[in-house]
There are 2 protein chains.
Amino acid sequence: MDEVASAIADPVRRDILLMLRGTTLTAGEIAHRFTISRPAISRHLRVLRECGLVRDELAGRRRMYRLDAAALTELAEWIALIRAPADWDHRLDALETEVRRTRRERSTRRTAPHGERTEETA
Amino acid sequence: MDEVASAIADPVRRDILLMLRGTTLTAGEIAHRFTISRPAISRHLRVLRECGLVRDELAGRRRMYRLDAAALTELAEWIALIRAPADWDHRLDALETEVRRTRRERSTRRTAPHGERTEETA
DNA sequence: AAAATCCGTAACCTATGGGTTACGCTTCCA
DNA sequence: TGGAAGCGTAACCCATAGGTTACGGATTTT
């Protein structure tokens with residue numbers, strides 16, 4: 001967990017992770033979006049690799065990178081543990097509201113996966 | 001956000017935050033639970049103070065420390081953003097179930113669920 | 001086959017982090 | 001009122017992080 005936390009403590013690495021959401025990019029494509037040197041990016045990528053936040057795959061002379069968000073789970077759970085005691089009830093209310101709103105929004109934008117359950121009362 | 005992330009990247013500081021859940025402790029009480037020197041703990045506490053994860057208050061010749069979990073919000077939201085795309089619908093289902101279950105459990109265990117429901121921004 | 005491309009590694013420098021011991025300032029107490 | 005208690009700070013040491021330039025090893029292209 002130490003490694004993951006210190007990995008995302010760097011703004012460059014956070015930006016890399018953000019730009020990998022949904023896509024896969026080559027090392028060169030990533031490096032090209034920063035002003036710092038390419039070797040610096042290469043080492044950032046190594047840090048992300050070694051803590052599991054990123055997976056790489058050789059494709060010819062290029063190397064494709066993709067996000068692996070599962071590496072964040074442990075840290076997310078620790079943060080949840082710390083945040084839990086504070087203002088529990090209020091946050092649960094807000095959370096349920098948000099969950100309902102987000103799912104409703106998604107099921108109208110896409111095709112509804114399973115039955116409609118938007119009218120249940122708590 | 002950099003500061004918060006790098007603060008919780010250290011296991012000693014994570015332990016300090018954990019032991020501050022729910023209580024307030026003096027610097028001495030905290031230091032006494034570790035094997036490393038007291039000045040080292042003092043500096044860890046300073047790091048936590050300066051990034052807002054901890055609040056301190058002088059009480060005579062002692063200094064009381066308490067957790068301030070709000071400092072984790074920004075980082076938690078960033079992590080949520082990264083984790084969001086994966087398995088979105090399924091997690092929303094599970095989340096709503098858990099929210100409902102947890103709140104029901106809490107309102108039966110305690111006296112009343114907040115007689116007044118204040119304005120919800122949703 | 002030779003050259004260009006893609007990308008990691010090595011060597012180097014400086015800044016920062018975390019530990020230690022020594023010290024100093026308040027505050028309590030006998 | 002003098003000494004002990006509680007804590008932060010300073011000075012110091014060593015390891016690590018992050019940047020740079022120079023280099024090397026595959027793969028593609030011409």
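Within every chain, numbering begins at 1; the chains are lettered A, B, ... in the order of the sequence lines, protein sequences first and strands thereafter. From a predicted model like this one, the values you see are computed outputs, not experimental measurements. Below, each value reflects all heavy atoms present in this structure, side chains not excepted, and no hydrogens, waters or symmetry copies.
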Open item on the list: Checking the side chain of B:R21 only, and the main-chain atoms of A:A84 only, is there a donor and an acceptor separated by less than 3.5 Å?
Closed with: no
TODO: Provide, to the nearest angstrom, the distance between the CG atom belonging to A:D2 and the P atom belonging to D:dT16.
DONE: 14 Å
TODO: For A:H32 and C:dC6, give me the distance from atom NE2 to atom P, rounded to whole Å.
DONE: 10 Å
Open item on the list: Return a single string for nucleotides 19-30 of chain C, one symbol per nucleotide in 5' to 3' order, where B is base contact, S is sugar-phosphate-only contact and - is none, cutoff 4.0 angstrom on heavy atoms.
Closed with: BBBB----BS--
Task: Donor-acceptor contact present, side-chain B:R13 to main-chain B:A7, <3.5 Å - done: yes
- [ ] For B:R46 and D:dA10, give me the distance from atom CZ to atom C1', rounded to whole Å.
- [x] 10 Å
Open item on the list: B:D2: which residues meet the side-chain hydrogen bond (donor to acceptor under 3.5 Å, both in side chains) condition with it, sequence neighbours left out?
Closed with: A:R14
Open item on the list: Output the rounded distance in Å from CD (B:E50) to P (D:dG8).
Closed with: 12 Å
Open item on the list: Any side-chain to backbone donor/acceptor pair from B:R66 onto B:E57? Under 3.5 Å, distance only.
Closed with: no
Open item on the list: Distance check needed: C:dC6 C1' versus A:L25 CG, whole Å only.
Closed with: 15 Å
TODO: Name the nucleic acid region contacted by A:Y65, choosing base, sugar-phosphate or nothing; use a 4.0 angstrom heavy-atom cut-off, strictly under.
DONE: sugar-phosphate
Task: Nucleotide D:dG19, atom C1' - distance to CG of A:L45 in whole Å - done: 15 Å
Task: A:I8 side chain near A:L53 side chain, heavy-atom distance below 4.5 Å - done: yes
Task: Phosphate OP1/OP2 of D:dC7: any B:T26 side-chain N/O under 4.0 Å - done: yes
Task: Nearest-Å distance for atom pair CD1/P, residues A:I8 and D:dG18 - done: 13 Å
Task: B:E29 side chain to B:T26 backbone, donor-acceptor under 3.5 Å - done: yes
